Structure formats: structure tokens, C-alpha cells
Asks: 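Just passing along the structure, written as C-alpha cells.
Numbers here simply count residues along the sequence, with the first being 1. Everything numeric here is computed off the predicted structure, so don't read it as measured data.
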Amino acid sequence: MDASIPGAKADAIRQEFARRGVSISAWARAHGYSKQLVYQVLAGRKRCIRGQCHEIAVRLGLKTGVIGSVADIDAFGSDGSSPRLPTDADEGMQ
């Protein structure tokens, strides 16, 4: 598991599912994830750095982060607060 996601937090999430009477499988289906992937995230077998694993960890509150799409990255740096990632057009200018 990613060092930023302690096992105790995953245990607390499992307990919350049980308290609410909701299965992990039902939560996974409702959010469009495979139940196996959600169980792997909760078990610490995924690093949760990017993609669906990252989204699952953020939605469950296992880690802080932002859920967005690749298209959202184009907005970085438009207000000068964050560095903008290089684009293909930038490579031609060098």
C-alpha cells in the first residue's frame, strides 16, 4: 500500500460500510469500478498513484487528492498558480 494510506484507515472504511449496511461490491458498481479493484485498494495491494485506483482511494477518503480527467490538466498554469505541463506544441518551439 502507498505509505500515505495506513491500513487502519482502510479498516475504518470497511467498518463504515458495515455500519451503513452497504456492500463494497455495491459501492463499486454504483461508482463504475470493478469490485476486485476496490478490494485490492482496501487490502493495500495497489499503490493508488493514478487512474481508477487513485480515484477509488480519493472517493473512499483513503488519501487526499483530486479526481479529474486528462483534459483538466490543460488548465494548469492559466492563472499562474501552478506550473503548466508541456504540450506537443511546446516541444516544437524548443
Side-chain angles (χ1 to χ4, degrees):
M1 184 178 272
D2 188 306
S4 65
I5 303 175
K9 229 175 183 183
D11 290 339
I13 296 295
R14 284 189 204 90
Q15 289 173 1
E16 185 62 18
F17 275 112
R19 188 178 79 80
R20 292 174 182 254
V22 175
S23 72
I24 293 170
S25 297
W27 184 90
R29 278 192 307 274
H31 289 86
Y33 304 120
S34 76
K35 67 180 181 180
Q36 292 86 359
L37 191 57
V38 175
Y39 278 107
Q40 288 174 343
V41 167
L42 286 170
R45 290 190 293 271
K46 296 291 183 180
R47 292 179 56 201
C48 304
I49 296 174
R50 64 184 69 85
Q52 286 190 340
C53 294
H54 167 80
E55 290 179 22
I56 291 166
V58 171
R59 283 187 189 270
L60 289 175
L62 292 171
K63 68 179 266 189
T64 58
V66 176
I67 298 174
S69 68
V70 174
D72 296 337
I73 294 174
D74 293 341
F76 286 147
S78 62
D79 62 358
S81 63
S82 300
R84 187 173 62 84
L85 296 176
T87 63
D88 292 339
D90 292 335
E91 290 179 16
M93 297 174 78
Q94 294 177 354

Asks: Stepwise, does the side chain to side chain contact (heavy atoms under 4.5 Å, CB included) test hold for Leu62 with Ile56?
Replies: CA-CA 8 Å; Leu62 292 171; Ile56 291 166; 5.7 Å; no

Asks: If we only count heavy atoms from C-beta on, is the Leu60 to Trp27 side-chain gap below 4.5 Å?
Replies: yes

Asks: Could you list the residues that satisfy salt bridge (Lys or Arg N to Asp or Glu O under 4.0 Å) with Arg59, not counting sequence neighbours?
Replies: none

Asks: What salt bridge (Lys or Arg N to Asp or Glu O under 4.0 Å) pairs are there with at least one residue in residues 17-33, not counting sequence neighbours?
Replies: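 For residues 17-33, and leaving out neighbouring residues, the salt bridge (Lys or Arg N to Asp or Glu O under 4.0 Å) pairs sorted by first residue read Glu16-Arg19, Glu16-Arg20.
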
Asks: Report the hydrophobic cluster partners of Val58, with the cluster defined as I, L, V, M, F, W, Y residues connected by side-chain heavy atoms closer than 4.5 angstrom, directly or transitively.
Replies: Ile67

Asks: Quick one: list whatever passes side-chain contact (heavy atoms from CB on, under 4.5 Å) with Tyr39, sequence neighbours left out.
Replies: Ile24, Ser25, Lys35

Asks: For Ser34, give me all partners under side-chain contact (heavy atoms from CB on, under 4.5 Å), at least two apart in sequence or on another chain.
Replies: Gln36, Leu37

Asks: Return yes if some donor-acceptor pair links the side-chain N/O of His54 with the main-chain N/O of Arg47 below 3.5 Å, else return no.
Replies: no

Asks: If the condition is salt bridge (Lys or Arg N to Asp or Glu O under 4.0 Å), which residues does Arg50 pass it with, not counting sequence neighbours?
Replies: none

Asks: Quick check for you: to the nearest 0.5 Å, what is the distance between Asp11 atom CG and Lys9 atom NZ?
Replies: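 It is 12.5 Å, given to the nearest 0.5 Å.
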
Asks: What is the distance from atom CD of Gln52 to atom NZ of Lys46, rounded to the nearest 0.5 Å?
Replies: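 Going from the CD atom of Gln52 to the NZ atom of Lys46 covers 10.5 Å.
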
